[in-house]
Number of protein chains: 2
Amino acid sequence: MRKNIRIKDIALKAGVSIGTVDRVLHKRGEVSTKTKTRIQQIIDELDYRPNLLASSLASKKSIVFATLMPRSSSLDTYWSKPQNGVEKAMGQLRAYGVKLQQYFFDMDDSRSFSSQGEKLLLDAPDAVLLAPWAKREALRLTKQLDEREIPYIYIDANLEETNPIGFVAQSPFDSGFLAAKLIDWGVKERSLILLIHVAKELDNASHLIKRERGFMRYFEEMKSHHRIVKLEVSGKEDEINSHLNKLGIDPCDVSGVFVTNSKVHLAAACFKALCITPKIIGYDLIPQNIALLKDGKIDFLICQKPELQGYRAIHLLFDSLVKKEIIKRENYTSIDLITKENIDFYNSI
Amino acid sequence: MRKNIRIKDIALKAGVSIGTVDRVLHKRGEVSTKTKTRIQQIIDELDYRPNLLASSLASKKSIVFATLMPRSSSLDTYWSKPQNGVEKAMGQLRAYGVKLQQYFFDMDDSRSFSSQGEKLLLDAPDAVLLAPWAKREALRLTKQLDEREIPYIYIDANLEETNPIGFVAQSPFDSGFLAAKLIDWGVKERSLILLIHVAKELDNASHLIKRERGFMRYFEEMKSHHRIVKLEVSGKEDEINSHLNKLGIDPCDVSGVFVTNSKVHLAAACFKALCITPKIIGYDLIPQNIALLKDGKIDFLICQKPELQGYRAIHLLFDSLVKKEIIKRENYTSIDLITKENIDFYNSI
DNA sequence: AAATTTTCCGTGTTCGTACACGAATTGAAA
DNA sequence: TTTCAATTCGTGTACGAACACGGAAAATTT
């Protein structure tokens, strides 16, 4: 059993009081350069690590994290998941004096992102976790955060032009690539494959585009001879059918379907209604998808681990701000394949 | 910001000293029944939760966990993984005064399991994490642990007839079932599929049998028309080839291969040498398998999350012993599908 | 040389809990 | 009544780090 090094031990070894060591550790108050370097040397030598327990017990000041995420309405159960992860992490960190301040915006209203962002800024948190939804508004907010030197971290996606201390997300390109491999593995040669985007504004959802790129790239690399047809729908009833009709495609000829987001249940329901069972792949373990997966109408769901994203992002903020560790900028979550057979064992965190 | 309830607050409200409250909380020392019930009532009413930080800071006595796992030799890199998970968990819990005592046994020598078990018992740890490898010896050890009232938890597998406080493992049946689904998804109808056990003593590896059962069950349920051939080999060079020869099977006719453990690289190497590429599925992210996966010679690896098993088991012990929480007995890890395309994003914990 | 400022650093208290110690009270046996 | 043990309860201090306070020494000004 190796004993932990305490401030006291350092003080003893340096022949000074613990107060002086404390000043060196926290760059607070005046210490002569001579003693400072001597103490610093001993700190390095002994590889001193502060006892987080004692530290947070003693310090009365608490650190505040803020989150800015989409409000999880009953319509969208996805965003309740990162929320759960955040709460789980906070449950562990509350004891260390970390507080949480949450702000929610309306996904259909980019102004609400801004207004909630304003509120957040007024409360001056020590760090921010945010889902960069509306790009323009997010850019404005992060600029303000940069000015105030408030560190921030993303979940769900990265925003290239900004300076977060990190992001936690799945690689959209590679998830699309994997989806293609699975489709390819499951269909015969020279099949008809659909790629479906279900989104209101495709240009505001750059990760859908990246997933598409990954998907297409696979077939390019494999020089496969499938016929791939791209559909863009907004999510209304029977839209897929009418689109196929317009293109002169008989749904019965479709062997594989890839939906680039969680709306895959729309496509699955459509084919279910027609009593056709192409191979269908989509994203996210939301209830509608899970039901269709268990029913055998969806073959694979790619899980983004949203709970884990929230959980890990909070922990990264903690590691960075409290533990003063250097954290990785890129934190990719795994690309998990969920099927009827393994979903019951799936641990979201 | 709601303030946390402290012992002091309870003492104040009850009109006693904190010492008395402490005695009620820990059932230590004598307190008159009258004050005891009054204090207990206030504790319940205020929903007091002890501050784990302060608690473990103040208490000097440390709790000792012991582990008994296979020694991870250079030949077997698998068992270094749970080991890593254990170490990671301990890194977090050391601050709470938890100590670790490790014992390793030789996988080829069941007597070493017993002898290390003896040593473990002598050191009288507060709780034990063990991999129930040699069944008979494990039964003996757990009986002794039961007598001494030392709680224990399993990783890797469960041992039905014993009384662990829990186990962390993958469901072997369901992983086999999933493997079958994948094979079925990837091969044509009426294909020839191999099921290969690579093991020295199959009867000591009951989970391989369970994986086989899951695999076979899928095809029974699907009423599929594949021809499934079972092979049992011990792991020597060219054994698979000669077995196929004996059975009069041309390797070129094989469309799918399922190996029930991490020795899948032997099968993959065999077919690679023959320049045939059936669909191959096996278990575990050990280096040989990873290399063949990336090379495209193995299609899927089922990951048991060995790191997570070690990590979670330690945390479960902590939750049970220190936090006094009631933990789940059955802790199944997810059945993760790893392919060439997603392995680089795979987080083992 | 005296007065003042600046630099430097030790002491003491605090956080919430655990526990040793000692003191007071009670009850029963001798 | 004395003796002794058992019961009941408060105090003090330890744990490791944070930080306020203020004293001593050195540097600077008057």
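Order of the sequence lines fixes the chain letters, A, B, ..., with proteins taken first and strands second; residue numbering starts at 1 for each chain.
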Pairs of donor and acceptor atoms involving the side chains of residues 12-25 of chain B, under 3.5 Å and at least two apart or interchain, shall be tabulated with distances.
residue : atom : partner : partner atom : Å
B:K13   : NZ   : B:E45   : OE2          : 3.4
B:S17   : OG   : B:G19   : N            : 3.2
B:S17   : OG   : B:T20   : N            : 3.4
B:S17   : OG   : B:T20   : OG1          : 3.4
B:D22   : OD1  : B:H26   : ND1          : 3.3
B:D22   : OD2  : B:R28   : NE           : 3.3
B:D22   : OD2  : B:R28   : NH2          : 2.9

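- At a threshold of 4.0 angstrom between heavy atoms, the contacts of A:D22 include nucleobase atoms, whether or not backbone atoms are also involved.
- Residue A:T35 is classed as a sugar-phosphate contact, given heavy-atom separations below 4.0 Å to backbone atoms only.
- Look at B:D9 and B:R6 and you find a salt bridge, because one of the NZ, NE, NH1 or NH2 atoms lies within 4.0 Å of a carboxylate O, short of that distance.
- D:dC9 atom C1' lies 12 Å from atom CZ of B:R38, rounded to whole Å.
- Not counting sequence neighbours, A:D106 has no partner by the salt bridge (charged side-chain N to carboxylate O under 4.0 Å, His left out) test.
- For B:S32, no side-chain nitrogen or oxygen approaches OP1 or OP2 of D:dT7 to under 4.0 Å.
- No donor-acceptor distance shorter than 3.5 angstrom exists from the side chain of B:S320 to the backbone of B:L317, with no hydrogens or angles considered.
- Close to C:dA18, at under 4.0 Å from its OP1 or OP2, lies a side-chain N or O of B:H26.
- Rounded to whole Å, the distance from CD on A:E30 to P on D:dA26 is 17 Å.
- Taking the charged nitrogens against the carboxylate oxygens, B:R148 and B:D146 have no contact shorter than 4.0 Å, which rules out a salt bridge.
- Whole-Å rounding puts the A:L25 CG to C:dC9 P distance at 14 Å.
- Of the options B:L141, B:I153, B:L159, B:L120, a side chain to side chain contact (heavy atoms under 4.5 Å, CB included) to B:L130 is made by B:L141 and by none of the others.
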Sub-3.5 Å pairs of nitrogen or oxygen atoms, protein against nucleotides 10-15 of chain D:
residue : atom : partner : partner atom : Å
D:dG10  : OP2  : B:S17   : N            : 3.0
D:dG10  : OP2  : B:S17   : OG           : 2.8
D:dG10  : OP2  : B:T20   : OG1          : 2.5
D:dG10  : N7   : B:R23   : NH2          : 2.8
D:dG10  : O6   : B:R23   : NH1          : 3.1

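- Phosphate proximity of C:dT17 to B:Y48: present, with a side-chain N or O under 4.0 Å from OP1 or OP2.
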